[in-house]
Amino acid sequence: MKKHINICGRKIGADFPPLVIAEIGINHEGSLQTAFEMVDAAKRAGVEVIKHQTHIVDDEMTGAAKKVIPGNASVSIYEIMKRCSLNEEEELKLKEYVECKGMLFISTPFSRAAANRLHKMNVCAYKIGSGECNNYPLLEHIAEFGKPVILSTGMNTVESVKKAVFIFKQKNVPVAILHTTNLYPTPPELVRYGAMKELHEVFPELVFGLSDHTTSNHACFGAVALGASILERHFTDHMNRTGPDIVCSMDEKACKELIEGSKLIWQMRGGTKKPAEEEQVTIDFAFATVCSIAPIKKGAIFTKENIWVKRPGTGEILAEHFNTIIGKKATQNLDSDIQLTWKDIE
C-alpha cells in the first residue's frame with residue numbers, strides 16, 4: 001500500500017478514492033440554522049467531511065483588522081468575522097449535527113483560543129488555512145494535540161512550507177498538504193498545477209491535494225488526474241446565498257458531480273503502456289496478421305504480390321514481422337487467403 005493518512009477511519013491516499021471536503025466555512029453568515037441546511041445539502045450530495053472555520057475574533061485579530069478590507073468583500077475582515085462566527089455552544093451543536101448525519105466534522109482554527117475550543121470538542125483532525133501555514137507558534141500549539149492535520153499552503157513558498165511540515169513531523173503528527181491560490185475566485189491561469197506538482201516532488205512522502213477557489217469543478221478534476229488525493233471547495237446549499245465565499249462555492253449538484261467525477265478520474269489513473277489483458281478480445285479482430293493473397297507453391301519466394309497483412313489478429317505472424325518474411329521461401333504449398341505460420345517459412 002502506498003502512503004496514506006487516516007482521519008477517523010477514512011484512509012486518504014493514492015490507493016483510495018479522493019476525499020472531497022465541503023467547506024461550509026463562514027457561508028452560514030453566523031446562522032446556525034443556515035449551517036444546518038447546508039449540512040443537509042452536503043449529506044444529500046454524498047459528502048464525507050464537512051469543514052468549518054472557528055473564529056474567536058478577539059483572540060484572532062487586533063483592532064487594526066477593522067481597517068483591512070479583503071479583496072472579495074466591501075467591509076473589514078474584522079466585521080465579517082464578527083458577523084459570521086459561531087460561539088462555542090453553536091459550534092458544538094454544528095459538530096454534533098454533522099456527526100449525527102454520519103459525516104466527519106473538522107475545522108480551521110484561526111487562533112490559539114480557537115484551537116483550544118476544537119481540542120475541547122475532540123475534533124478528529126485539524127485543517128490549517130493558508131494564512132496560518134507560516135504562523136509557526138500556532139502550528140506548534142496545534143501539534144501538541146497530536147491529531148492529523150491537513151495543511152493548506154497558499155501564499156507560501158516551499159521553504160515556509162518545509163518549516164510548517166517539520167513542526168508536525170517533530171511531534172509525529174500525520175500531515176497532508178494542499179496547494180492553494182488564495183484569490184476568491186481564482187482565475188484559471190492562477191490555479192498553477194505546476195506548484196502542486198512541485199509540492200509533491202519536495203514532499204513525496206506526504207499525501208497531497210488541492211484546495212480550490214475557482215468557480216467550477218474543472219481545477220479539481222485536473223488535480224485528481226495529476227495524483228491529488230484531497231479536494232476542498234467552499235460549499236453552499238444554493239448559490240443565492242450572500243457572503244464573500246459564495247462566488248467560489250459549489251452547490252449540492254456541483255458537489256455530487258465532484259464526488260462522482262473525481263472517483264471516476266481516480267480509477268483512470270496509473271497503468272503502463274502495454275496491452276491490457278482485457279483488450280485481447282479487441283486485439284483478436286483489430287490487429288492484422290500475415291496472410292497469403294494468392295496461391296503459393298512450395299519453394300516460391302514470398303513477395304508483396306502473394307502475401308499481405310489483413311485482419312483478424314488471430315494469426316500467428318503479426319503485421320510487424322511482414323518485411324522480415326519478404327524474400328524468404330515457402331516450405332509447403334499454400335492456398336490463397338490463408339493466415340501464415342512460422343512453419344510455412346523457410
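Since this is a predicted model, take the numbers as computed values, not measurements.
- Ring centroid separation for the pair W308 and F322 comes in under the 6.0 Å cut-off.
- Y78 carries K66 over the face of its six-membered ring, with the cationic atom under 6.0 Å from the centre and within 45° of the normal.
- A salt bridge between E89 and K93 is present, with a side-chain N of the basic residue lying under 4.0 Å from a carboxylate O of the acidic one.
- Residues I5 and V173 fall into different hydrophobic clusters, defined by Ile, Leu, Val, Met, Phe, Trp and Tyr side chains chained together at heavy-atom separations under 4.5 Å.
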>> T331 vs K298, test: side-chain contact (heavy atoms from CB on, under 4.5 Å). Steps then yes/no.
In response: CA-CA 5 Å; T331 60; K298 179 179 179 179; 5.8 Å; no
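- Put simply, the side chain of Y97 never gets that close to the backbone of L32: no donor and acceptor are under 3.5 Å apart.
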>> Would H213 and D245 count as a side-chain hydrogen bond (donor to acceptor under 3.5 Å, both in side chains) here? Give the steps.
In response: CA-CA 9 Å; H213 299 116; D245 293 329; over 6 Å; no
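- In this model, a donor atom of one side chain and an acceptor atom of the other lie less than 3.5 Å apart for K127 and S152.
- Hydrophobic clustering, with ILVMFWY side chains joined whenever heavy atoms are under 4.5 angstrom apart, keeps V207 apart from V20.
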>> Let's go through V290 and I325 carefully: what are the C-alpha distance in whole Å and the side-chain angles of both, what is the deciding distance for side-chain contact (heavy atoms from CB on, under 4.5 Å) to 0.1 Å, and is it a yes or a no?
In response: CA-CA 9 Å; V290 180; I325 297 170; 4.1 Å; yes
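- Contact check on K171 versus E140 returns no salt bridge, with no Lys/Arg side-chain nitrogen under 4.0 Å from an Asp/Glu carboxylate oxygen.
- In this structure, CG in L151 is found 8.5 Å from CZ in F203, a value given to the nearest 0.5 Å.
- Sparse packing is recorded around NE2 of H218, with 12 or fewer heavy atoms of other residues, nucleotides or ligands lying under 6.0 Å away.
- At distances below 3.5 Å, not a single donor-acceptor pair connects side-chain atoms of Q170 with backbone N or O atoms of I167.
- With 3.5 Å as the limit, one finds a donor-acceptor pair spanning the side chains of T54 and S107.
- With a 4.5 Å cut-off on side-chain heavy atoms, H52 and T108 do not count as touching.
- Annotation: the span from N27 atom CG to S249 atom OG amounts to 4.0 Å, rounded to 0.5 Å.
- Of the charged side-chain nitrogens involved, at least one lies within less than 4.0 Å of a carboxylate oxygen, so that K256 and E260 count as a salt-bridged pair.
- Between H4 and F16, the ring planes lie perpendicular to each other; the angle is over 60°, past the 30° to 60° tilted range.
- Distance NE2/H179 to CG/L226: 11.0 Å, rounded to 0.5 Å.
- Taking both residues in full, the closest heavy atoms of L138 and P109 are given as CD2-O, 4.0 Å, listed atom of the first, atom of the second, then distance.
- C291 contributes atom SG, which lies 8.5 Å from atom CD1 of I307 (distance to the nearest 0.5 angstrom).
- Partners of A35 by side chain to side chain contact (heavy atoms under 4.5 Å, CB included), not counting sequence neighbours, listed by chain and number: H28, L94.
- Side-chain N or O atoms of T181 include one that pairs as donor or acceptor with a backbone N or O of L190 at under 3.5 Å.
- D59 places no side-chain N or O within donor-acceptor distance of the main-chain N or O of I56, the cut-off being under 3.5 Å.
- A salt bridge is absent between D40 and R44; no separation between the charged side-chain nitrogens and carboxylate oxygens falls under 4.0 Å.
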> How far apart are the C-alpha atoms of K43 and E48, what are their side-chain angles, what is the distance that settles it, and do they pass the salt bridge (charged side-chain N to carboxylate O under 4.0 Å, His left out) test?
Replying inline: CA-CA 8 Å; K43 176 64 177 178; E48 296 177 82; over 6 Å; no
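- Side-chain contact between T214 and P188 is absent, with no heavy-atom pair separated by less than 4.5 Å.
- Using a 4.5 Å heavy-atom cutoff, the side chains of F208 and I230 are not in contact.
- Ring-plane geometry between Y184 and H234 is classed as perpendicular, the angle between the planes exceeding 60 degrees on a 0 to 90 degree scale with a lower cut at 30.
- One hydrophobic cluster, built from ILVMFWY side chains closer than 4.5 Å, cannot hold both V191 and V247; they sit in different ones.
- In this structure, CZ in R269 is found 9.5 Å from CD1 in I265, a value given to the nearest 0.5 Å.
- We find that E23 and R233 are not joined by a salt bridge, their nearest charged nitrogen and carboxylate oxygen being 4.0 Å or further apart.
- Each of I246 and L258 belongs to its own hydrophobic cluster when Ile, Leu, Val, Met, Phe, Trp and Tyr are linked at side-chain heavy-atom distances under 4.5 angstrom.
- The closest side-chain donor-acceptor pair between E232 and S211 falls under 3.5 angstrom.
- In summary, the side chains of N87 and E91 do not present any donor paired with an acceptor at a separation below 3.5 Å, with no hydrogens or angles considered.
- Within the 4.5 Å cutoff, no side-chain heavy atoms of P295 are placed close to those of D335.
- Here NZ of K263 is found 13.0 Å from CE of M268. Values are rounded to the nearest 0.5 Å.
- Looking at E29 and T242, their side chains come closer than 4.5 Å, going by heavy atoms from C-beta outward.
- R241 is listed as a side-chain neighbour of E37, based on a closest heavy-atom distance under 4.5 Å.
- K3 places a side-chain N or O within donor-acceptor distance of the main-chain N or O of P204, the cut-off being under 3.5 Å.
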>> Set out, in order, the CA-CA distance, both residues' side-chain angles and the distance that settles side-chain contact (heavy atoms from CB on, under 4.5 Å) for M38 and T236, then state yes or no.
In response: CA-CA 6 Å; M38 291 180 175; T236 180; 3.6 Å; yes
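- No more than 12 heavy atoms of other residues, nucleotides or ligands shown are found within 6.0 angstrom of CD on E277.
- For D337, the CG atom is loosely surrounded, since the number of other residues' heavy atoms within 6.0 Å does not exceed 12.
- Side chains of M103 and V49 form no contact here, defined as non-hydrogen atoms less than 4.5 Å apart.
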> Checking side-chain hydrogen bond (donor to acceptor under 3.5 Å, both in side chains) for the pair S292/N306: CA distance, chi angles, key distance, verdict?
Replying inline: CA-CA 6 Å; S292 60; N306 59 20; over 6 Å; no
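- Using a cut-off of 4.0 Å between Lys/Arg side-chain N and Asp/Glu carboxylate O, K82 and E79 are scored as not salt-bridged.
- None of N134, V202, L199 except one satisfies the side-chain contact (heavy atoms from CB on, under 4.5 Å) rule with V161; the exception is L199.
- Other residues, nucleotides and ligands contribute at most 12 non-hydrogen atoms within 6.0 Å of the CZ atom of R112.
- No more than 12 heavy atoms of other residues, nucleotides or ligands lie within 6.0 Å of CZ in F287, so this atom counts as exposed by the packing criterion.
- By the criterion of side-chain heavy atoms lying less than 4.5 angstrom apart, applied directly or through intervening Ile, Leu, Val, Met, Phe, Trp or Tyr residues, I128 is not grouped with I12; the two fall into different hydrophobic clusters.
- Side-chain N or O atoms of W266 include none that pairs as donor or acceptor with a backbone N or O of A228 at under 3.5 Å.
- For K163 and N156, the side-chain atoms include no donor-acceptor pair closer than 3.5 Å.
- Counting only distance, with no hydrogens or angles, the side chain of N217 and the backbone of A254 share a donor-acceptor pair below 3.5 Å.
- Listed by first and then second residue, the side-chain hydrogen bond (donor to acceptor under 3.5 Å, both in side chains) pairs involving residues 313-324 are T314-Q339 (not counting sequence neighbours).
- Not one N or O on the side chain of T289 forms a donor-acceptor pair closer than 3.5 Å with the backbone of G313.
- Contact check on E99 versus K95 returns a salt bridge, with a Lys/Arg side-chain nitrogen under 4.0 Å from an Asp/Glu carboxylate oxygen.
- Side-chain atoms of N135 and P137, non-hydrogen and from C-beta on, do get closer than 4.5 Å to each other.
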